[in-house]
Amino acid sequence: MALHCKVSNTVASTSLLGGSTRLLHLPKSYPIHCNIVSPSSTLGLGPLKLHNKVGSRLRPCRVKREENSQTTDVESVSVDEDTLKQDLETAIEEENYVEAARIRDRLKELQEDNKASVLSANTRFYQAFRNGDLAAMESLWSKTGKPCCVHPGAKGITGYDDVMESWEVVWMNYEFPLLIELKDVEVHVRGEVGYVTCMEFVKTKGSSSWGAQFVSNVFEKIGGEWFICIHHASPVDI
């Protein structure tokens, strides 16, 4: 069964989550078609390959920060942490250990607060993924610089619009909600950048097997909120 529209360009795609073979025709605004093929993986997860034949809009991964109206807020958060670190060094040099202990506690609180906020943003990302909620997904991604998305087995897709279109392609063959489980979740924060690593297990309706991939999600803090700027999923055989 195929979804037909006017097209002139093609993309070959292997199912991200498993499923039947389908040929999808997309409009010129998204110059590709996807051929969804049942994967050979025993876990039900095969590589996703996006090959843009002509007029390629899908570019290699390269994230670049750009100046924007939110820069001042982001820099102020970073400066606060840097100032605390400098104050800590000064207190230690002056042998003011009571003050050093207080600053150390404040730094720890700040880092723990940031970790909790990054984990919350990661949870919202998987809620959108689980429900196939494009509007929610659109609100979670950074619109500055060149956000990058690497679906399992695929080349990186950069640019906000192209990343959103790639999620539409991935989702158009599945019924929702998907079953998604995360294991070995770790979170790290360095100033205004945080990242989450985990094992991601996905199961589609009607499938008896789980797809598995190792995932890295990178977030940047803009205007006091955390937005995802890189999603990289690599298939894992277990």
Side-chain angles (χ1 to χ4, degrees), residues 2-17 22-36 47-71 73-74 121-122 124-174 176 178 192-196 200 202 213 215-223 225-234:
L3 172 66
H4 295 284
C5 302
K6 295 181 180 179
V7 298
S8 60
N9 303 315
T10 62
V11 163
S13 171
T14 306
S15 175
L16 170 65
L17 307 174
R22 298 183 184 181
L23 183 63
L24 307 177
H25 297 274
L26 304 178
K28 293 181 179 179
S29 61
Y30 192 90
I32 62 175
H33 80 244
C34 291
N35 189 20
I36 305 299
L48 175 71
K49 298 180 180 179
L50 300 179
H51 303 293
N52 204 18
K53 300 294 185 178
V54 277
S56 176
R57 296 170 56 202
L58 307 183
R59 299 174 289 278
C61 276
R62 182 168 52 198
V63 176
K64 179 181 179 182
R65 288 293 306 273
E66 291 182 353
E67 295 298 326
N68 61 82
S69 59
Q70 300 165 321
T71 299
D73 292 334
V74 172
N122 194 67
R124 292 194 298 274
F125 169 80
Y126 277 105
Q127 287 174 341
F129 190 174
R130 183 178 292 108
N131 295 321
D133 188 340
L134 185 61
M137 186 66 80
E138 290 173 340
S139 71
L140 296 171
W141 280 79
S142 170
K143 297 180 177 65
T144 66
K146 294 289 183 182
C148 178
C149 185
V150 184
H151 295 293
K155 290 183 178 180
I157 300 169
T158 62
Y160 178 82
D161 291 338
D162 287 340
V163 168
M164 292 305 103
E165 288 177 332
S166 77
W167 283 107
E168 288 187 273
V169 171
V170 168
W171 285 342
M172 65 187 356
N173 290 278
Y174 305 106
F176 296 93
L178 303 171
E192 66 202 46
V193 176
Y195 64 95
V196 176
E200 170 193 288
V202 182
Q213 39 277 341
V215 173
S216 299
N217 289 328
V218 181
F219 299 83
E220 62 177 337
K221 197 170 189 180
I222 303 174
E225 295 185 38
W226 291 95
F227 294 89
I228 188 168
C229 57
I230 299 175
H231 169 71
H232 190 145
S234 299

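Of all heavy-atom pairs spanning P147 and V163, the tightest one is O-CG2, 3.9 Å. When every heavy atom of A136 is checked against every heavy atom of A128, the shortest pair comes out as CB-CB, 3.9 Å. What you find for I157 and S166 is that their closest heavy atoms are CD1-CB, 3.5 Å. Here the closest heavy-atom approach between residue Y160 and residue E138 is recorded as OH-O, 2.8 Å. Counting all heavy atoms, side chain and backbone alike, V150 lies closest to G156 at CG2-CA, 3.8 Å. Taking each heavy atom of R124 and L140 in turn, the nearest pair found is O-CD1, 3.4 Å.
Taking NZ of K221 as the start and SG of C229 as the end, the distance is 14.5 Å to the nearest 0.5 Å. The distance from the CG atom of L178 to the CH2 atom of W171 is 9.0 Å, given to the nearest 0.5 Å. Atom SG of C148 and atom CD1 of I228 lie 10.5 Å apart (nearest 0.5 Å). Atom CD of E165 is separated from atom SG of C149 by 12.5 Å, given to the nearest 0.5 angstrom. The CG atom of N122 lies 4.0 Å from the CZ atom of F219; values are rounded to the nearest 0.5 Å.
The shortest side-chain heavy-atom distance between T144 and E220 falls under the 4.5 Å cut-off. Residues H231 and W141 form a side-chain contact, since some pair of their non-hydrogen atoms from C-beta on lies under 4.5 Å apart. The shortest side-chain heavy-atom distance between I230 and Y195 does not fall under the 4.5 Å cut-off. Taking 4.5 Å as the limit, every side-chain heavy atom of V215 sits out of range of all side-chain heavy atoms of F125. In this structure, K143 and F227 have side chains that are not in contact, with every pair of non-hydrogen atoms separated by 4.5 Å or more. The side-chain heavy atoms of D133 and Q127, taken from C-beta on, include no pair separated by under 4.5 Å. Within the 4.5 Å cutoff, the side chain of V202 has heavy atoms near those of the Q213 side chain.
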